[in-house]
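The structure appears right after this line, and notes come after that.
Treat the numbers as computed from the prediction; the structure is a model and nothing was measured. In what follows, every chain begins at residue 1, and chains take the letters A, B, ... in the order their sequences are listed.
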There are 2 protein chains.
Amino acid sequence: MANRMTTHISRGPYKPGRIREQSRDLILQAAEAEFACHGFRGATMQRIAESAQVPKANIHYYFSNKLGLYGAVLENTLNLWDTVFNELSSHDDPADVLGRYIDAKMNFSRTNPSASRLFAKEMISGAPHLSAYLQQDYRLWFKQRMSIFDCWIAQKKMDDLDPAHVIFMIWASTQYYADFEPQILIATDTQSQSEASYQQAANSIKHIILKGCGIG
Amino acid sequence: MANRMTTHISRGPYKPGRIREQSRDLILQAAEAEFACHGFRGATMQRIAESAQVPKANIHYYFSNKLGLYGAVLENTLNLWDTVFNELSSHDDPADVLGRYIDAKMNFSRTNPSASRLFAKEMISGAPHLSAYLQQDYRLWFKQRMSIFDCWIAQKKMDDLDPAHVIFMIWASTQYYADFEPQILIATDTQSQSEASYQQAANSIKHIILKGCGIG
DNA sequence: TCAATACTTGTCTATATAGTCAACTTTTCA
DNA sequence: TGAAAAGTTGACTATATAGACAAGTATTGA
């Protein structure tokens with residue numbers, strides 16, 4: 001009421017939902033966790049609503065339907081994914097490039113476990129909602145990165161290995177710490193993975209990958 | 001009708017469902033694929049029934065309910081899992097032991113992709129139905145296998161690495177070829193993973209792991 | 001202050017789903 | 001051969017779920 005009087009100060013041109021679209025973010029966050037845990041079919045709009053602490057009907061204001069919500073969540077995830085993937089850039093020193101990339105991937109697993117799990121669930125289900133992404137951006141980028149490895153191999157900077165398998169191994173190893181967390185916690189007898197434990201894991205992976213590829 | 005006449009030959013003491021329990025196996029097989037693809041909540045009894053080509057009510061004759069069916073599927077999977085895990089046995093030569101183990105794991109991924117995916121989905125969901133297994137058998141066995149590595153390290157047969165990370169890396173890398181198949185197919189521009197391609201992947205993994213751990 | 005627009009939400013509906021049940025058919029074994 | 005047991009199945013029920021909708025409230029810019 002009191003501050004109503006002060007709102008005559010112009011806030012610039014009108015943008016829909018400038019303030020209350022925080023609801024949208026809450027819903028997206030809750031949806032990411034729900035989809036990551038239960039998959040597309042197993043997730044329910046009701047649980048997402050409860051988790052986001054909004055009425056279920058509110059979700060349908062921001063998202064056309066369950067598939068639309070899932071698509072929005074997936075898009076967010078893929079953007080993050082691409083960002084990290086692009087860290088694998090051309091550079092003279094393979095040890096430097098791969099070391100940084102492994103660190104970046106591990107950091108992603110630690111700070112975005114739900115995104116990693118969502119991606120994994122989608123893949124395991126046959127990637128029914130990712131075909132466009134995989135066919136377009138992914139395919140192209142993958143080939144580009146592979147050529148970097150071919151270059152290193154030609155320059156005798158690393159062993160003659162199929163670059164694809166090296167990449168798969170890095171992806172697999174780093175994502176494992178997010179996706180298979182329950183197994184890791186029990187095997188290592190801990191309650192949660194600390195930042196330090198992630199760093200140790202990253203160091204082990206870097207040691208094995210770099211030495212194993214003959215990079216030094 | 002005709003062979004009815006010959007059935008007076010004793011077939012030994014009566015065992016429930018000796019013949020028709022093939023339905024049970026059909027259901028289990030269909031359920032494994034359905035649960036692997038959609039997770040526990042996302043799977044439906046109706047689709048399992050259709051896939052197994054039996055009426056839905058028949059499933060409830062063999063399995064108390066959805067959870068019971070899931071438990072049976074999971075138990076099958078874990079038995080297979082243990083069999084492969086136990087191949088990682090004590091032996092003088094780490095190169096030999098790890099090489100065989102990696103081959104065994106890759107072979108498992110190739111021949112039992114659904115089992116691998118089911119296990120992965122369960123883990124990603126927080127392993128709600130695996131706590132007993134993880135707490136008991138798993139924990140114990142994991143520690144035993146770790147001590148083998150410690151022994152090798154003490155004997156300077158491999159680099160001083162945390163054995164847990166080496167194991168995680170082997171698991172991650174080998175399971176990846178089953179769990180992330182869509183990604184692999186698109187990246188490698190193929191329609192399906194052949195036995196030969198699995199062998200090449202196994203060779204790459206063995207190269208990197210063995211050399212990376214200083215085994216050789 | 002006001003009308004327009006953005007946003008919220010309780011209630012309702014159609015459908016999908018897990019599970020039940022009783023009638024039915026087939027197999028078993030004495 | 002026959003009675004008992006194993007196995008099968010169509011029809012049913014209760015519930016959970018995605019989504020629609022209309023009536024409401026809050027915010028905006030003039």
ask   = Reckon B/Asn58 has a side-chain N or O less than 4.0 Å from the OP1 or OP2 of D/dT8?
value =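 B/Asn58 to D/dT8 OP1/OP2: side-chain N or O found under 4.0 Å.
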
Just N and O in the side chain of A/Ser23: are any of them under 4.0 Å from OP1 or OP2 of C/dT8?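 Checking C/dT8 against A/Ser23, a side-chain N or O does come within under 4.0 Å of OP1 or OP2.
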
Send over the distance from [X] [atom1] to [N] [atom2], rounded to a whole Å.
X       : N      : atom1 : atom2 : answer
B/His60 : D/dG10 : NE2   : C1'   : 15 Å
B/Gln46 : C/dT15 : CD    : C1'   : 14 Å
B/Met45 : D/dA16 : CE    : C1'   : 16 Å
A/Tyr61 : D/dG19 : OH    : P     : 18 Å
A/Ile48 : D/dT17 : CD1   : C1'   : 12 Å
A/Leu67 : D/dG19 : CG    : C1'   : 14 Å
A/Tyr70 : D/dG19 : OH    : C1'   : 20 Å
B/Tyr62 : D/dT9  : OH    : C1'   : 12 Å

Checklist entry - Out of A/Phe149, A/Trp171, A/Tyr133, which one pairs with A/Phe142 under the ring-ring contact (aromatic ring centres under 6.0 Å, His included) rule? => result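 Per the ring-ring contact (aromatic ring centres under 6.0 Å, His included) rule, the option paired with A/Phe142 is A/Trp171, out of A/Phe149, A/Trp171, A/Tyr133.
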
Select base, sugar-phosphate, or nothing to describe what B/Ala49 touches, counting heavy atoms under 4.0 Å on all strands.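 No contact.
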
Proximal nucleotide (of [options]) relative to the [X] side chain:
X       : options                : result
A/Ala57 : C/dT9, D/dG10, D/dA18  : C/dT9
A/Asn65 : C/dA18, D/dA20, D/dG19 : D/dG19
A/Arg47 : C/dT9, D/dA18, D/dT17  : D/dT17

Closest heavy-atom contact between B/Ser114 and B/Ala33?
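Residues B/Ser114 and B/Ala33, closest heavy atoms: OG-CA, 4.2 Å.
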
Distance criterion of 3.5 Å, no angle test: do you see the side chain of A/Lys56 paired donor-to-acceptor with the base of D/dG19?
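Side chain to base: pair found, below 3.5 Å.
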
Spatial distance of atom CD (A/Gln200) from atom CG (B/Asp162) [nearest 0.5 Å]
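It is 7.5 Å, given to the nearest 0.5 Å.
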
Lys/Arg-Asp/Glu bridge criterion (N-O < 4.0 Å) met for A/Asp179, A/Lys121 =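 A/Lys121 and A/Asp179: not salt-bridged.
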
Side-chain donor-acceptor contact under 3.5 Å, B/Tyr70 with B/Glu122 |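 Their side chains do contain a donor-acceptor pair, which is all the 3.5 Å distance test asks for.
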
